[in-house]
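Quick notes on the structure that follows.
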Amino acid sequence: MIPVLKGKNVVLGVTGSIACYKAVDLASKLTQGGALVDVVMSEDATRFVAPLAFGSITHRAVTTSLFDPDSELSVEHVALADRADILVVAPATANTLAKMSLGLTDNALVATYAATAAPVLVAPAMDGHMWENAAIQENVSRLKHHGVRVVGPDSGYLASGKVGAGRMAAPEVILDYVRAVLGQGGPLAGSRIVVSAGGTREPLDPVRVITNRSSGKMGHALAEAARDMGASVTLVSASETLDAPPALEIVRVETAIEMRDAIEEACQGADALIMAAAVSDYRAAEASSHKLKKTGGPLSLTLVQNPDILASVEGPTVRVGFAAESRDLLENANSKLVSKGLDMIVANDITELGSGFGADTNKAAILTADGEIHQLPVMSKLELAHRVLEQMSNILIAKEE
Ligand code: CTP
């Protein structure tokens with residue numbers, strides 16, 4: 001379940017491209033996220049994928065014709081257009097983009113586009129040379145001018161056998177843009193939130209680093225959730241493995257010092273800082289510029305302490321910490337809350353089932369500066385992110401009053 005999608009009416013327009021098979025995955029991801037997905041297919045799209053494939057996933061009627069006697073469109077021409085919270089056209093062929101840009105209404109999908117007041121997102125898919133074609137680019141510019149958001153296309157291997165720009169954006173990327181668009185005007189609209197993620201890496205030499213087991217998943221989930229709630233987000237991430245979440249600003253860092261510098265800059269005028277990163281407390285006093293060789297005996301390293309970013313950063317109205325502990329969870333978390341002067345801290349016991357590093361779930365307690373403790377059950381990191389942001393938002397509102 002993805003909170004921002006829950007109960008939302010998504011009209012998914014599918015047009016005749018080989019990328020139709022990816023639209024099935026997108027329909028599935030939207031449905032699993034909690035959206036009510038109405039698929040409208042062009043006639044050509046039905047040559048690539050049967051309407052049944054979409055209907056089986058969405059459990060809703062699929063519209064293929066303006067004159068289909070079973071279609072809601074024939075009963076009430078603008079029913080889908082009115083109901084839509086967002087219209088997503090993926091894949092969007094050059095032909096459909098052209099029709100949309102000119103306001104043609106000769107099939108169910110473009111008629112829905114013409115009739116809707118909902119935000120519209122298109123994910124073009126076509127051959128590379130077509131995408132570069134001046135007339136097609138003009139149509140895309142006109143659509144952008146009309147407020148249509150364009151996601152992709154990506155570069156890579158194309159169905160024609162060529163390599164170039166024209167591949168439909170990945171379903172998970174389109175999904176993120178849908179979330180971002182639906183989240184606009186949400187409870188954090190107008191807020192600037194800085195989130196840190198991942199475990200910092202402190203070099204010992206060009207090959208070795210001191211790091212920790214943090215995956216960055218919690219921080220990335222927080223950044224995505226804040227974006228889905230309407231905030232403008234800067235994610236300062238030390239994660240090496242996670243992709244940049246679409247539709248937000250990301251600054252990639254490696255060391256604690258780089259993280260501090262990026263956070264200090266991002267926090268100017270920010271409403272909140274959420275430090276989910278596992279910052280290395282120590283770094284090598286001097287990292288060797290050449291690979292350290294074994295000596296046959298023990299090796300001693302001199303480490304110096306890194307700055308405490310959360311305790312020292314200036315700017316954000318609300319500061320939220322994380323405490324991953326292996327014992328005395330609430331006591332340790334509370335002493336960090338007090339000593340760092342935080343508004344709130346999220347404590348999680350890394351030894352508990354479903355709560356460790358790298359997991360997709362977390363079990364946490366939220367402690368606030370005024371002494372409240374909210375014990376939460378095991379939940380997905382995205383759900384926990386929403387709970388943390390709801391608490392944070394209450395504190396922010398109270399402080400800004
Ligand atoms: N933190 C930070 N800068 C550091 C160390 C920690 O900003 N140099 C932040 C973390 O991002 C987290 C909170 O402080 O939000 C608590 O981090 P944690 O590693 O649990 O605690 P420490 O303060 O480092 O204390 P200790 O390692 O002694 O438990």
Side-chain angles (χ1 to χ4, degrees), residues 193-203 209-223 225-226 233-239 242 251-267 270 272-285 303-352 355-358 362-369 373 381 384-385 387-389 391-392 395:
I193 314 276
V194 181
V195 181
S196 71
T200 58
R201 298 181 298 287
E202 309 294 334
V209 292
I210 300 176
T211 189
N212 56 66
R213 295 183 196 278
S214 169
S215 64
K217 285 181 181 174
M218 190 64 230
H220 279 236
L222 276 158
V233 180
T234 303
L235 171 62
V236 179
S237 178
S239 173
L242 298 179
V251 184
R252 298 274 192 187
V253 295
E254 195 169 306
T255 65
I257 298 287
E258 285 172 14
M259 182 169 273
R260 180 202 58 192
D261 293 348
I263 285 177
E264 277 181 356
E265 198 183 326
C267 276
L273 167 66
I274 308 177
M275 280 293 294
V279 185
S280 179
D281 287 330
Y282 290 91
R283 67 179 185 277
L303 303 177
V304 293
Q305 203 170 320
N306 272 325
D308 191 312
I309 304 170
L310 188 54
S312 58
V313 72
E314 283 172 14
T317 310
V318 173
R319 284 179 303 132
V320 179
F322 268 71
E325 306 287 343
S326 56
R327 64 179 175 188
D328 304 329
L329 179 66
L330 296 181
E331 295 83 335
N332 282 332
N334 193 50
S335 72
K336 286 174 190 174
L337 175 77
V338 173
S339 68
K340 298 187 194 221
L342 307 179
D343 298 283
M344 158 179 160
I345 195 158
V346 184
N348 72 291
D349 185 338
I350 52 170
T351 63
E352 283 228 26
S355 200
F357 292 117
N362 211 342
K363 180 171 185 291
I366 299 177
L367 287 71
T368 62
I373 301 179
K381 286 187 171 171
L384 176 60
R387 300 292 279 267
V388 169
L389 289 163
Q391 284 290 331
M392 186 217 73
I395 297 173

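The structure presented is a predicted model; accordingly, all values stated were derived computationally and were not measured. Atoms within each ligand, like the ligands themselves, are counted from 1 in listed order.
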Give yes or no for whether the N/O distance cutoff of 3.5 Å, strictly under, is met between [X] and ligand 1.
X	result
Asp281	yes
Phe322	yes
Ile309	yes
Asn306	no

Donor-acceptor pair, side chain of [X] and main chain of [Y], under 3.5 angstrom:
X	Y	value
Glu202	Ala256	yes
Asp343	Val320	no
Arg283	Ile210	no
Asn306	Ser280	yes
Arg252	Ser239	yes
Asn212	Ala278	yes

Show which atoms of ligand 1 fall inside a sub-4.0 Å distance from at least one heavy-atom site of Ala277.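 Numbered from 1, ligand 1 contributes 10 (C), 11 (O).
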I'd like to check which ligand 1 atoms, numbered from 1 as shown, lie under 4.0 Å from a non-hydrogen atom of Gly321. 15 (O)
Could a heavy atom of Gln305 be found less than 4.0 Å from some atom of ligand 1? no
With the threshold set strictly below 4.0 angstrom, can you tell me whether any protein non-hydrogen atom sits that near atom 19 (O) of ligand 1? no
Are there protein heavy-atom neighbours of atom 29 (O) of ligand 1 below 4.0 Å?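 Protein heavy atoms within 4.0 Å of atom 29 (O) of ligand 1 - there is at least one.
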To which protein heavy atom is atom 26 (P) of ligand 1 closest, and what is the distance rounded to 0.1 Å?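 Checked against all protein heavy atoms, atom 26 (P) of ligand 1 sits closest to Lys336 NZ, 3.9 Å.
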Between NZ on residue Lys336 and CG on residue Leu367, distance to nearest 0.5 Å: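 CG of Leu367 is found 12.0 Å from NZ of Lys336.
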Working to the nearest 0.5 Å, report the span between NE2 of His220 and CG of Leu235. 4.5 Å
Have a look at ligand 1 and work out which part of Leu310, if any, has a heavy atom under 4.0 Å from it: side chain, backbone, both or neither.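 Both the backbone and the side chain of Leu310 come within reach of ligand 1.
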Relative to ligand 1, is Pro307 under 4.0 angstrom through side chain, backbone, both or neither, heavy atoms considered? backbone
Considering Lys340, Arg319, Arg283, Met275 one by one, which has a heavy atom nearer to atom 22 (P) of ligand 1 than any of the others?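 Closest candidate by heavy-atom distance is Lys340.
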Any side-chain heavy-atom pair of Ser196 and Ile263 under 4.5 Å: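 A side-chain contact under 4.5 Å exists here.
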